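Just so you know, these numbers come straight off a predicted model, no measurement behind them.
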Protein chains: 2
Amino acid sequence: MTERVVPSAARQRRRPTKQGVVLSEELIVETALRLIEEHGADALSVRRLGRALGADPSSLYRYFRHTDDLMLAIADELIGRTLRTWRPTGDWRADLRDLGLRMHAGALAHPRAAVLSSYRVTGRAHEIQAVETIVGVLRGAGFPDAEAVRIYHAFVDQALAFGALDSASAAMPKAARETEAAVWTATYARLPATTHPHIAATARHLVADMRHSSYPAALELLLDAAAARLAD
Amino acid sequence: MTERVVPSAARQRRRPTKQGVVLSEELIVETALRLIEEHGADALSVRRLGRALGADPSSLYRYFRHTDDLMLAIADELIGRTLRTWRPTGDWRADLRDLGLRMHAGALAHPRAAVLSSYRVTGRAHEIQAVETIVGVLRGAGFPDAEAVRIYHAFVDQALAFGALDSASAAMPKAARETEAAVWTATYARLPATTHPHIAATARHLVADMRHSSYPAALELLLDAAAARLAD
DNA sequence: ACCTGAACACCGTTCAAGT
DNA sequence: ACCTGAACACCGTTCAAGT
């Protein structure tokens, strides 16, 4: 048994940094999230985080073994925030739609963390709670166990995969992001019908549609298909 | 008009590097793909690529304006390889299923490159060909233009997003991958029914299902929903 | 016990100089 | 015309020294 068993006691003994801040895991995670929100994904580096905390960059290594550990701590905090305010309504489609959109929005709010954590299985408290909740919604809707698991898996992976995809896009440097957005008008919309009949015929729709995430549409298709199977 | 109009002529005049290699866009892209596959995504840096080519890092800036341009060239090459052997059958569901599974398999064959390029819009030849092909399959099936574009977008993003998700998982260090796989049996399968009734009831299915990609199931759900809309 | 500062081994990118 | 080498402004991480 060491003092680490009582975190608050251990924390009180910590010496303030030069700028008078007492470091803690919570403070570091919150500051990292704030940095990302205020200055973009590129703002998160150990050196910048140290500067923002008024501490030497190397002091952060007492709290996180590497940057990846910090990322996972941030991700866990985000899962908690996503579920914390969610309440089931009893309508399985509305509940899954709401959960999916919240997971996707949570990813977009913290793109770097989303990209790094989307494919991880943590087995931690918040994740377990999410599995129990979603499988529960599907079983409550009447899906047999095997089908409930199959749809749970597709649903969760879809939310995580689109969250990561759209996050990666959002985390791009601004100039690159704008260049890509312009490709639809500058390149695709100008292809002649003689060589590219299908693109030429739908160019107007491509320009309008491709600038937005396709997640809401993909989610609705998945819910449609699940509902149809339930009706059989 | 400059000599760049005839690339092969321009290329022939290039001077070999110190180690005797004549640089070209193709050689750089192929070397980059090889570097990524052999030594991981982190192995791709301008400096390492220069070293692998036997050229000064800065000489690559004659072929690509920034690292990002190189990434797009790699992405387009992967799209090209995916489409090169595909042939339409006239059955839109079978065609889209085949295309989706090929895109997913192509991502898994080059996991590190897939993770880095899945969310990019290249506007290059192979990507344009892919858009034309897939929108063509959907219009040929009878979807009106706006609907064809909406389903195209969801279909492509889903293939890319799941491809990247499953690639990121596959690209993890072996030890970490095995630790995560064990979480389903070591943690989830042992949760008691009293606290986690839904997980306990479906543990057998979770253990069996979660070790595989959910992409084939998610693809089938998307095709089901699309077919239902066509029937209306 | 905790934080600091210097050091190490890297990055992407630019541009004058060399061939 | 093409490649090189030095330079600039960054990274993540380690570890002996300071308080």
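Few gaps surround CZ on A/R84; more than 12 heavy atoms of other groups in view lie less than 6.0 Å from it.
A straight line from OH of A/Y63 to C1' of D/dT13 spans 18 Å, rounded to a whole angstrom. Going from atom CG of B/D68 over to atom P of C/dC11 covers 18 Å, rounded to whole Å. The nearest whole Å value for the distance from the CG atom in A/L44 to the P atom in D/dC10 is 16 Å. Rounded to whole angstrom, the span from the CZ atom of A/F64 across to the P atom of C/dC3 amounts to 13 Å. Taking atom CZ of residue A/R62 and atom P of nucleotide D/dT14, one finds them 13 Å apart after rounding to whole Å. Between B/R51 atom CZ and D/dG5 atom P the separation is 14 Å, expressed in whole Å. With rounding to whole Å, B/L53 atom CG is found 11 Å from D/dT4 atom P. Computed from coordinates, the A/L49 CG to D/dG12 P distance equals 10 Å when rounded to whole Å.
A donor atom on one side chain and an acceptor atom on the other are not found under 3.5 Å apart for A/Y188 and B/E132. For the 3.5 Å distance criterion, the side chains of A/T85 and A/R102 qualify, holding a donor opposite an acceptor. Between the side chains of B/Q129 and A/H196, no donor-acceptor pair of N or O atoms lies under 3.5 Å.
Between the side chain of A/S167 and the backbone N or O of A/A107 there is at least one donor-acceptor pair closer than 3.5 Å. Side-chain atoms of A/S59 do not come within 3.5 Å of backbone N or O of A/A55 as any donor-acceptor pair. Proximity of a side-chain donor or acceptor of B/D76 to a complementary backbone N or O of B/H126 within less than 3.5 Å is detected.
Listed by first residue number, the stems of DNA chain D with at least three Watson-Crick or G-U pairs below 3.5 Å are C:4-8 with D:12-16, C:12-16 with D:4-8.
Across residues 54-61 of chain B, B/S58, B/Y61 each have a non-hydrogen atom less than 4.0 Å from an atom of DNA chain C (numbered order).
Taking only side-chain nitrogens and oxygens, B/R48 comes nearer than 4.0 Å to OP1 or OP2 of C/dC11. Of the side-chain N and O atoms in B/S45, one or more sit less than 4.0 angstrom from OP1 or OP2 of C/dC11.
Counting only heavy atoms from C-beta on, A/R47 has its side chain closest to D/dT13 among D/dT13, D/dC2, D/dC8. Listed nucleotides: C/dG12, D/dT13, C/dC3. Nearest to the side chain of B/V46: C/dG12. Ranking C/dT13, D/dC2, D/dC11 by closeness to the B/T67 side chain, first place goes to C/dT13.
Taking atom C1' on both nucleotides, D/dA9 is separated from C/dA9 by 16 Å, rounded to a whole Å.
Residues forming a ring-ring contact (aromatic ring centres under 6.0 Å, His included) with A/Y152 (at least two apart in sequence, or on another chain): none.
Between B/R34 and B/E30 there is no salt bridge, since none of the side-chain N atoms of the basic residue sits less than 4.0 Å from a carboxylate O of the acidic one.
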